[in-house]
Amino acid sequence: MTDADDGAPVETVGRREARSGGGGAPDEPLVRVRGLRKYYYEDDSLLDRLLGREPTSVKAVDGVDLDVRRGETLGVVGESGCGKSTAGETLLRLREATDGTVEFDGEDVMAMSDEELTRFRRRAGIVFQDPFSSLDPRMTVGDIVIEGLAIHDEPADPPADGRSKREWRRDRAAELLERVGLSADQIDRYPHEFSGGQRQRVGIARALALDPEFVVLDEPVSALDVSVQAQILNLLGDLQEEFGLTYLFIAHDLSVVRHICDRVAVMYLGEIVESGPTDAIFESPKHPYTEALLEAVPRASVEEQGRRVDALSGDVPSPRDPPSGCHFRTRCPEVIQPPTIDIPQEQYRGVMDLRDRLEREGFSAESVWETLASEHAGDDEFERDPVAFKETLREEFDLHGLTGATMDTVEDALEILVNGREGEAADRLRDAFTSPCEEEEPILTGETHAVSCHLHADEDYDVDLDPEDVGTAMGGMAGMPDGARNSDEGDGSAAPTGPEDR
Amino acid sequence: MSDSSAPTEASAGDHATRRRGAPDGHADDVLRVRDLSTRFFTEEGQVNAVESVDFSVRDGEVFGIVGESGSGKSVTALSLIDLIDSPGRITGGEVWYRDADLADEFRGDRPDAVDGEFVDTRRLPEGVRRSLRGPAFSTVFQDPMSSLNPSVTVGEQIAEAVEVQRRARANPRRTRSRTQGYGLGRLLVDAAVPNRSFTSESSHARAVELLEQVGIPDPADRAEEYPHQFSGGMLQRAMIAQALAGEPDVLVADEPTTALDVTIQAQILNLLRDLQEEQDTSVVLITHDLGVIARMCNRVGVMYAGRIVERGTLSDVFDDPVHPYTRGLLGSIPDLDDPAPRLNPIEGNVPSLLDEEMGDRCYFADRCPKAMTDCLQPIPEYGVDPGTEGHAARCVLAEREYADGDALPADHFARNAGVRDDD
Amino acid sequence: MVSERVIRNLKSEFRTSALAKLGLVLVVGVVLVAVFAPFVAPHNPTAQNLGESQLPPLGFTETKETTTSEMEDGEVVTRTVQERVEADAAHPLGTDGLGRDMLSRVVYGARTSLAVGVLGTLFAALVGVPVGLIAGYYRGKLDDGLMRFADVSLAFPSLVLAIALIGLWGRVAVPVPDPFVVAGLVSDMPERFTLPGTVIIVVGLVNWVWFARIARGEALSLRDQEYVKASRALGASHGRVIRRHVLPNAITPIIVLGTVQVAAIILLESSLSFLGFSGTTLSWGFDIAQGRDYISSGQWWIATVPGLAIMLSVIGVNLLGDWLRDALDPGIEGEGGV
Amino acid sequence: MSLGRFAIKRTLQGIGVVWGVITVVFALRFVTPGSPINAVAPLDADQETRRAIAAELGLDQPLYVQYGQYLFDLIQGDMGFSYVRGQAVTPLVASKIPATVELAVAATVVAIVLSIPLGVISATRRNQPVDYGATLFSLFGISTPNFWLGIMMILILAVEFGVFKTSGRSVDVGDVVLSTVGPEPFLDTLLGWLSYITLPAIALGTYFTALITRLTRSGMLDELGKPYVRATRAKGLPETLVRYKHALRNTLTPVVTVLGLQLGTLIGGAVITEAVFSWPGLGTLVIRSINLRDWPLLQGSLIVIGVSFVLVNILVDMVYAYLDPRVAYE
């Protein structure tokens, strides 16, 4: 508790150093999240039930474990729709969690009474992404900054120096505005009179007004121009040092995350796929998704010119219907082949893509015919040619060069597909090509650098009936960092259920 | 403000001597933009969004324009394709486009609009200028969701782009031919009942082909879907397909990946480059992301407050920047591969482009760490010496060394600064 | 809570729009006339003078028709006498069938229209806005319930519902003493002004749904604004959030709707009194109904003059609404009707 | 969600609203002061009659029984008995529906045919004389009480010039249809029908013409400023296509929504227009039933009005979903 700090109009500068490690044991994380889930339900009205429709759950956050240590910046990074912002808001209880626990300094946030929650709100703040919608256009920046003080009726007692509470708050607002790099005489201005960067400073001042220990920074610089972004990043760093703040930094920009975070968690489709110290994540990423993210970021240097990125194929699947097993398997360039199969990885990816389209995306043979027809537009002689049909698919899914039994299976499936029996073709492929990645959900495993991927699991999923061939099949892959393939070392002892920091 | 549309008028300095010649007059140029200015006449006053912009684009290259929000980069793009809406207006400048046929056609009628193989699109009749949209210039916009009509299928919208070029080719001299056989009655029916009375079966087939070309799976099915059924990445692919319909010489891509996630951005950038190489199209790529510029572009222009403040090859601008703004921009970006403890941001904010607040000075002087008394004069574009041909900057530092003695006092601008300047 | 920007927009919109100026002039004019009716009206609007009945407005000479019935030889004989009548400067807008001064009636009619328009709108807003805000902010079952109720409520046309309710409840009129007359500042004017109470309540009840809809829509979008979340994150209660953030930011479209509603309710009131469902006879709609009987015999002005008054005041309010909408908040056209 | 599913969902929703309408109308019995019997029986009925009516209506039964009975009767098409007129309500109301539908449809057709082109022209020729004219017209249109407009038209067109009929409906649209096959001369019948319908249709339709003109104009201006319009121009499409094929279609979606919402205004307007032109429709029936305190008749009319409002709105929503494919997929 920080009650000792509250109430009196203490000057804030420099008094926070002592706080890190203040409440609980110093090595206890300040925030501990376990199994956090946030589902939204669609088609859930009475009418939908009358129509016999099952409610669809949108699994925005689907089982997230996080530890935020005192005084550190933990980055949560991921693409849009991965649930990172929802996770941030849910752990502050701005949204009600579907499941899971959040402990803040040893207290269970989800179980807090109204009163406890009010106390918690003073200790944990948030800064939002959009500098335009995060400030109430009808309030002056002074009122915005001190809103927290007004809500908590701070100071509790009238200041000793004879100022009214109101004056005290106004002075505090001026002080905070100055601290974040604005001028105190702008206190009576309205948000629209400020530029994006200045508004974001106001948002930061508002979050600081209650002297929090923990601040969720939800994409605080994403909407800003690079020159202003750098100003804000520097400011956030300074404030953290000065007030001993603990940050949860949510972002999609990997460069920014690398710059500001001590540790990083990478999210994909509502789950954390990898977490660990920033340098470890950026220099030796383990999860294929993290690798792909890092690969995709354009660097601002001349060496970047003409660099061809091995881009991940496809889109992020819908969180309404996440893939079974590993959520990433539909795009993973390293999806594990079943023991019975041993083909080059690109071709296995191609087969899996074809399956995926058949099973998940309502692929229809008719569409292929139409596409073929459109290539022969004006050609009245055009007839449905099964050979061309199959060739189109082989081309699209990179299925050339298959041999032996796998080729037979695929050709078989293509033949079924020519005849318009999509479901049957999918079954045929599923029987032969089911990956361990789709059968079992991977678990976040590892001490400091944890990863949720079958390639790095204790159990060796990547087995092959004929071990001789594994090396050649996988060795053919290009552009794979050395550490990525065999970094199981050192993780073997960790309990499979635990996240980092046990 | 002088209206600089007259062809003889020139800016100060050696800029004048370079007009219609070296270093920009490269043999491979397909587009030469000269002294282009676009202004918006709003209730708050006149906004000089684009101010005397010069650049050229060569055959088959990617020319990048990079700048922060409000720098005028998107307005530059719209000015190129003549799509500035009221209250904006292109107030001056020339957009020279290489087209030998057009040049021959107008040499007699409008000699001032023709220079060798080039025509100044700004001096062409409105109808001709419009007919250039598609085959000469086409555009990929930032937000594909709002740039496609939500109530018309994606395939139909691409087919329209195909159809209109087909009709134009069939009868190039008459712009009316583009709507032949498509009377008012049909239009009104179309408004209520979606049908294909404008587009033909074959342009639909071509649309499906284009969708396939840009890597959209099941193109025939997807062509029948509406924009809201597409993901952002797929929609941007569709947008690119639409832009390719007219087989353009110059593709203007205005922040084509800004709305996309990084893995999808990588897909789209790969696609853009493949298409550009395949079809040898010239691309004007507009973005705020220096990384995207670095990956895609051969040459770059850096925009600030409506002006191109520095331009040159990628390595000119990234490795030997002259303008303190370019340097500042590069210093602001956190490096993914090498974290520095602290960034070196540019202080202050992007300035207002309101005419009355813009002096004749260098617009960056108020934020510039190396501002000197010379910077209070109008700054022409200087060739950077020593430097590669075509490396130019609107900065006195291209000509002279920084001297502490000439430095502007630190509070020079603070004295008369409003809210926007004192961050 | 009006920010400087709003005022600036209002001013610039006002400067550039001649229609906005016209609207303001009309509305201010009608308000002044209504408030100071006893001073403006040249005669007592209820004073009958059969000798001066059916006088045409200034500048016109029209026929007057008097019908007399007499018993003659055991039969009823009806005689219609027509005579030419000149306008009288004492009655610039003429007189009605009972010789009451049209100008005075129009002046007093403004009171009724305005009172019903403003009070009815206020009543509708006071009911609708809180309900809408709460439903939109909390969503869930409450919101579903409200929206279904609104659907049902919209299924009955305002006018039909209003006459049905007035028919059921009766026409209650509330006499309000006229302060100017009571204070003795004017004489010969009606001492009481009749407020059609049922009409005010009923028009409020049939129109609150529009306010609820707008307020709900605003609350629905505002609740997801980051500044609302930020306020919650600071520990603000829902009540505080609604009061401090949602209501102030929803107020603009509510005000614009309010002006549209005043216009709609003035029209509704005139329809009700035209059909005879008002509690007062000093109403433009009532006078039009009276005048209707005279059109076929040539006394066109009795129905025309009050109609023009309705039209001008509604035009004024609509122009004011357009001005507010253009200056404050584009894009809510078409919500809210009679 | 497919369009079909959307239709089913919307219809089910509509049934819910209809149920609500019926319940409200049923409850009207109880909002009147005194015993519900006062609301049903004629004013001059004696105690004996009252008791008989009460027993017949089951007013001595518990409320839920009464409600159940009411619903049950309604499902069978029985809307009760008008003791004032001594007639069953259902046939009485049914006989008045065609006249009102004819009037409402005529007004709507007039409004749509005039307003959408006017709004489009006004938007595309912004700040030109046509635009000013249209703006002024729509301002007057939405500010003029329709009953007064009707009276003014009677005054000028019927009284002064003697064209058009001012009351009644001796020739209806059915006669016109019949005359194409029957012995009646077609042209005379048509002109006869027009002489009755024209003035009421204009009086009722003017407000909507004005309203839709405004909506179309502002919607069109809105659409023309959107990025997709710029993108459509950028691909070289001729301006006519940009405007009419792309922008107009999207303009119509909000217009359709408002039309649905304003349907109540249309019906309300029809009531008063019928009163002005002595048009023998539902509106006349409603007013008469109130004046005679004939509550069963009023209830029947209200149900018919409410249900038709719901039905038309379902239709409007289908049109909306058709115009804007996003709606059905939400």
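Hydrogens, waters and symmetry mates play no part in the numbers below; they use all other heavy atoms, side chains included. Chain letters run A, B, ... following the sequence lines, proteins first, then strands; residues in each count from 1.
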Relative to chain A, which of [options] shows the most heavy atom pairs under 4.5 Å?
{"options": "B:Val62, B:Leu211, B:Val262", "answer": "B:Val262"}
{"options": "B:Ser315, B:Ala294, B:Cys297", "answer": "B:Ala294"}
{"options": "B:Ser231, B:Ser69, B:Pro219, B:Gly233", "answer": "B:Ser69"}

Problem - Sole candidate of A:Glu304, A:Glu303, A:Glu295 that passes salt bridge (Lys or Arg N to Asp or Glu O under 4.0 Å) when paired with B:Arg295 - result: A:Glu304
Handout entry: Positive for salt bridge (Lys or Arg N to Asp or Glu O under 4.0 Å) with A:Arg299, one of B:Asp335, B:Asp337, B:Asp338
Key = B:Asp337
Handout entry: Check: B:Arg273 side chain, A:Arg307 main-chain N or O, donor-acceptor pair, under 3.5 Å
Key = yes
Problem - Any donor-acceptor N/O pair, B:Asn270 side chain to A:Val309 backbone, under 3.5 Å - result: yes
Exercise for the section: Quick one: list whatever passes side chain to side chain contact (heavy atoms under 4.5 Å, CB included) with B:Ala305, sequence neighbours left out. Expected result: B:Pro351, B:Leu353, B:Tyr363
Give me the atom names and distance for the closest heavy-atom approach of [X] to [Y].
{"X": "B:Asp274", "Y": "A:Arg308", "answer": "OD1-NH1, 2.9 Å"}
{"X": "B:Ile264", "Y": "A:Glu79", "answer": "N-OE2, 4.3 Å"}
{"X": "A:Pro298", "Y": "B:Asp289", "answer": "CG-OD2, 4.5 Å"}
{"X": "B:Gln267", "Y": "A:Arg331", "answer": "NE2-NH2, 4.2 Å"}
{"X": "A:Ala300", "Y": "B:Leu290", "answer": "CB-CB, 3.8 Å"}
{"X": "B:Ser332", "Y": "A:Ala230", "answer": "O-CB, 3.5 Å"}

Exercise for the section: Taking salt bridge (Lys or Arg N to Asp or Glu O under 4.0 Å) as the test, write out the residues that go with A:Glu219, two or more places apart. Expected result: A:Lys84
Going by heavy atoms in the side chains, are [X] and [Y] under 4.5 Å from each other?
{"X": "A:Asp315", "Y": "B:Met234", "value": "yes"}
{"X": "A:Glu370", "Y": "B:Val208", "value": "no"}
{"X": "B:Pro217", "Y": "A:Glu396", "value": "yes"}

[X] versus chain B, the contacting section by heavy-atom distance below 4.5 Å:
{"X": "A:Leu233", "answer": "side chain"}
{"X": "A:Leu294", "answer": "both"}
{"X": "A:Gln229", "answer": "side chain"}
{"X": "A:Asp238", "answer": "side chain"}
{"X": "A:Val226", "answer": "both"}
{"X": "A:Thr278", "answer": "neither"}

Exercise for the section: With a 4.5 angstrom heavy-atom cut-off, could you sort out which part of B:Arg367 is near chain A: side chain, backbone, both or neither? Expected result: side chain
Exercise for the section: Check whether B:Arg342 gets within reach of chain A through its side chain, its backbone, both or neither, counting any heavy atom under 4.5 Å. Expected result: both
Handout entry: Rounded distance (nearest 0.5 Å) linking atom OG of A:Ser227 with atom CD1 of B:Ile333
Key = 10.5 Å
Handout entry: Nearest-0.5 Å distance, CD1 of residue B:Ile293 to CD of residue A:Gln305
Key = 11.0 Å
Handout entry: Options A:Leu312, A:Val302, A:Asn234, ranked by heavy-atom pairs under 4.5 Å with chain B, top entry
Key = A:Asn234
Practice task
Say whether A:Thr371 and B:Glu212, considering side chains only, have a donor N or O and an acceptor N or O under 3.5 Å apart.
Solution key: no
